[in-house]
Structure formats: C-alpha cells, structure tokens
Amino acid sequence: MNAPGHHVAIYDGGCSLCSDFAVLLRKLVAPAVLDVVPCGSAIQKKLAPQVELRECALDFMLVRSDGGMLKGVDAVREALLLSSWFRRMRPLFMSRMGMFAARIIHLGARRRRARKGCCGKAKATAENQAEKLP
C-alpha cells in the first residue's frame, strides 16, 4: 500500500500518446501526490508490485493510496482529478455527460494507439513476458 494520499500512475512507456499524457500529469499533479512511472520499470515494480506487466502494457493504470486499482478511462479521470486545476471541475467530470465524454475520448485514444501499433507491441511484449512466468 502507498503512503497516505500518494498514488501511482502507470503508463506504457513505449507509446508516444501515453508518454505525452504522462508528461501532462507530471506538470499538473504534484510529485508528493502522484508518481508517474512507465510500465515494467524498476520503480514501478517497487511502488506498485501488484500491477502485472500484461495489465499495464495494455491500458493506463492508477494505484490509489488505499491500494485500489483503476484502469482505462476511470484511471485517467481519477488521475486528472488529483490536479488542483481539474479538481475544480469535479462535478462536470463525475456527471453522466462527463463520464460519457471521457469514455468517447478514451476510446479514440485506444484506437489511435492500435493504429500506431504501440499497443500491439506492448501486448506482444506482455504476452511474451507472461509465457516466461512459471
């Protein structure tokens, strides 16, 4: 479990879209609140050992301070709400329309990742790593 109030965001470091989002999170959210780490890195294994490579290579993940895990659009929304700027818009983010818009945006991002091939590389790497596990 992470320190109280400290979260860990895990992204696919081989994907330019995910890396750009990680840079944005690092600018928006204080390091005391959120660590943003690439999937499969040594620091990810130290901070969030419960997250498996095959999971985080396919989608953005957030490990909350209470140990709960979110992935995909829910993780993105929660990570953005850790920022003081986005926190002011919490009612909009949590409304039905806000959740619908977030899902549409996330679906578009997943399709873009698939077209660029970065998701496929991550998936293949995750599957290869999974085959090596006992």
Side-chain angles (χ1 to χ4, degrees):
M1 189 154 69
N2 301 329
H6 193 83
H7 309 273
V8 180
I10 305 165
Y11 67 98
D12 177 3
C15 171
S16 61
L17 180 67
C18 299
S19 296
D20 289 347
F21 182 64
V23 169
L24 175 69
L25 278 179
R26 286 185 184 113
K27 289 179 181 178
L28 291 174
V29 183
V33 176
L34 179 70
D35 274 318
V36 183
V37 299
C39 177
S41 66
I43 189 132
Q44 181 258 309
K45 291 174 186 171
K46 179 183 175 193
L47 294 174
Q50 70 273 38
V51 177
E52 295 182 20
L53 180 63
R54 66 181 81 122
E55 289 179 302
C56 64
L58 296 176
D59 220 338
F60 179 79
M61 297 195 70
L62 180 73
V63 180
R64 296 187 312 212
S65 59
D66 63 4
M69 289 192 295
L70 298 171
K71 72 179 204 176
V73 68
D74 296 324
V76 169
R77 188 176 60 241
E78 186 82 15
L80 288 173
L81 288 172
L82 293 172
S83 150
S84 59
W85 192 84
F86 279 100
R87 202 173 308 126
R88 292 181 296 203
M89 295 188 288
R90 185 174 190 84
L92 174 65
F93 269 77
M94 301 311 285
S95 70
R96 280 187 142 171
M97 194 61 190
M99 288 180 171
F100 178 74
R103 291 195 188 286
I104 295 298
I105 292 166
H106 186 256
L107 180 63
R110 287 189 77 170
R111 286 184 178 154
R112 182 173 168 212
R113 284 185 71 191
R115 273 197 309 267
K116 290 178 73 177
C118 56
C119 187
K121 291 176 194 170
K123 183 177 180 181
T125 302
E127 288 171 353
N128 290 340
Q129 293 287 339
E131 289 173 3
K132 294 178 185 176
L133 296 175

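Side-chain atoms are counted along with the backbone in the values below, which use heavy atoms only and exclude waters and symmetry mates. In this chain, residues are counted from 1 in sequence order.
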TODO: Starting at CE of Met61, measure out to CD of Glu52 and round the result to the nearest 0.5 Å.
DONE: 9.0 Å
TODO: Could you tell me the separation between the CG atom of Asp12 and the CG atom of Leu53, rounded to the nearest 0.5 Å?
DONE: 9.0 Å
Task: Leu62 and Leu34, any side-chain heavy atoms less than 4.5 Å apart - done: yes
- [ ] Have a look at His7 and tell me which of Val33, Val63, Val29 forms a side-chain contact (heavy atoms from CB on, under 4.5 Å) with it.
- [x] Val33
Please tabulate, for the side chains in residues 35-46, all donor-acceptor contacts under 3.5 angstrom to protein atoms that are two or more places apart in sequence or on a different chain.
residue, atom, partner, partner atom, Å
Asp35, OD2, His6, NE2, 2.7
Ser41, OG, Pro38, O, 2.9
Ser41, OG, Gln44, N, 3.2
Gln44, OE1, Gly40, N, 2.8
Gln44, NE2, Ala48, O, 3.0
Gln44, NE2, Val51, O, 3.4

- [ ] Keeping to residues at least two apart or across chains, list the ring-ring contact (aromatic ring centres under 6.0 Å, His included) pairs with something in residues 26-73.
- [x] Phe21-Phe60
Open item on the list: Are the side chains of Lys71 and Glu55 in contact, using a 4.5 Å heavy-atom criterion?
Closed with: no
Only pairs under 3.5 Å count here: list side-chain donor-acceptor contacts from residues 84-92, not counting sequence neighbours, and write none if there are none.
residue, atom, partner, partner atom, Å
Arg87, NE, Leu81, O, 3.4
Arg87, NH2, Leu82, O, 2.7
Arg88, NE, Trp85, O, 3.4

TODO: Decide whether Leu25 and Val76 are clustered together by the hydrophobic rule: side chain heavy atoms of Ile, Leu, Val, Met, Phe, Trp, Tyr closer than 4.5 Å, transitively.
DONE: yes
